[in-house]
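Below is one structure; the comments refer to it alone.
Both ligands and their constituent atoms are indexed starting at 1 by order of listing. Every value quoted in this text rests on a predicted model; they were computed, and no experiment measured them. The analysis underlying the following values was restricted to heavy atoms, covering all of them including side chains, and did not include hydrogens, waters or symmetry mates. Positions are given from 1, in the same order as the sequence printed here.
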Amino acid sequence: MSLKTLEQLADNKLRELGALELKRKLRITERKAFARTLQEEKRLVSFSCNDYLGLSTHKEVIEASVKATRQHGTGAGASRLITGNHPLFQTLEKRLARLKNTDDSVVFGSGYLAGIGVIPTLIGPDDLILIDELSHSCLKTGAKLTGGRILNFKHNNVLHTEELLRNYRRKHRYCLLITESVFSMEGDLAPLSELSKLAIQFDGWLMSDDAHGLGVLGHGRGSGFTQKDPITIPLQMGTLSKAAGAYGGFICASHQVTNLIRNRARTFVYTTGLPAGTVAAAIKALEIIERNPILTTLPVKRAQLFTDELGLPQAKSAIVPIILHTPERALMASQSLEKKGFLVTAIRPPSVPRGTARLRCAFSAAHSEKDVLEFASAMRPLLKPL
Ligand SMILES: Cc1ncc(COP(=O)(O)O)c(C=O)c1O
């Protein structure tokens, strides 16, 4: 009886999603070098991967991963605080801290785990969180787990952030300002300098999620390094699963903060460490990023070639959204591009706000200029208003 009810519950929820064109489907996809994919036997050039530098198929990265797997085995075997802390973690954490100009860093199992682990370690029910309304789910979920007061500020709106700080800051003990630095679905950049100044002025701390900036902006060092002087961001979060072509998340911060996180972040303490092969891949990828500043400029150049070609506002990052509003239109556009040999997954609510379903185009150093120009030609007819 109860099983039947459970299945009915699932069926009902799925039917509701289906009626709104919001049901999702896993498709078997084999990723190859040069942004090529084989999806259900169709060869497609992908403009949907976050492998911005093509490092997930880079020979040196693969070799480093295989070597570490041979040496340390396929799994870490336990939480890092028990026996899972193989020697490669120290190398990776030092390299990340150097790259981000902080004392130290902590590597987590994924970017999502970093987000939901770090925020509630630092912030509690008496505290205030101001968060950009379009921030990633891991930041919003992390904020909820604190039990503190959460106020959304309008997307990239410094004046609104300041107004909220003026009205609410003094009622709370601690205050955290949270933003993505490159917005994953918009491709635009947060006003990090201004937010950093506001955080300092109102006795708060800025936390940025640079998932889409690492390897792409600031000579590969990320969004905090695009200006002459690094921006003061005491909590710099990121992921190794995008431009670094590996997997895992991290937070770069001071010694005291990283020490506390290693002691108290639940998604660090109560989960198995990343496998050595994955950590070795990330180390090699960061090494390639550091020695190849030119490579790191290519994703944005490719994105700008696309926006210039189509007369769209010039890309600021490797991500260009094409807003088509309804899930139906986004799905149809994705299918039409697929027929022309391009893979661009439709992004629908709740990943993006209602009424803003879109194609999210992600550009990579692995794309040739020819790939981008052909993709732009295929996209052109879809930009015409209905
Ligand atoms: C902005 C942002 N933050 C965090 C994450 C999560 O990172 P990960 O895929 O390593 O869990 C993602 C990726 O999905 C992201 O786009």
Is it the case that Ser137 and Tyr112 place a side-chain donor and acceptor less than 3.5 Å from each other? yes

Strictly by modelled atom types, are Asp132 and His155 linked by a side-chain donor-acceptor pair under 3.5 Å? yes

Can you label the angle between the His367 ring and the Phe363 ring as parallel, tilted or perpendicular, going by 30° and 60°? perpendicular

Which other residues belong to the hydrophobic cluster containing Phe34, where Ile, Leu, Val, Met, Phe, Trp and Tyr are joined when side-chain heavy atoms lie under 4.5 Å apart, directly or via other members? none

Ignoring hydrogens and angles, tell me if any N or O in the side chain of His160 forms a donor-acceptor pair with the backbone of Lys154 under 3.5 Å. yes

Every residue of the protein that comes under 4.0 Å of ligand 1, judged on heavy atoms: Ser110, Gly111, Tyr112, His136, Cys138, Glu180, Ser184, Asp209, Ala211, His212, Thr239, Ser241, Lys242

Between Cys138 and Asp209, which heavy-atom pair has the shortest distance, and what is it? SG-OD2, 4.2 Å

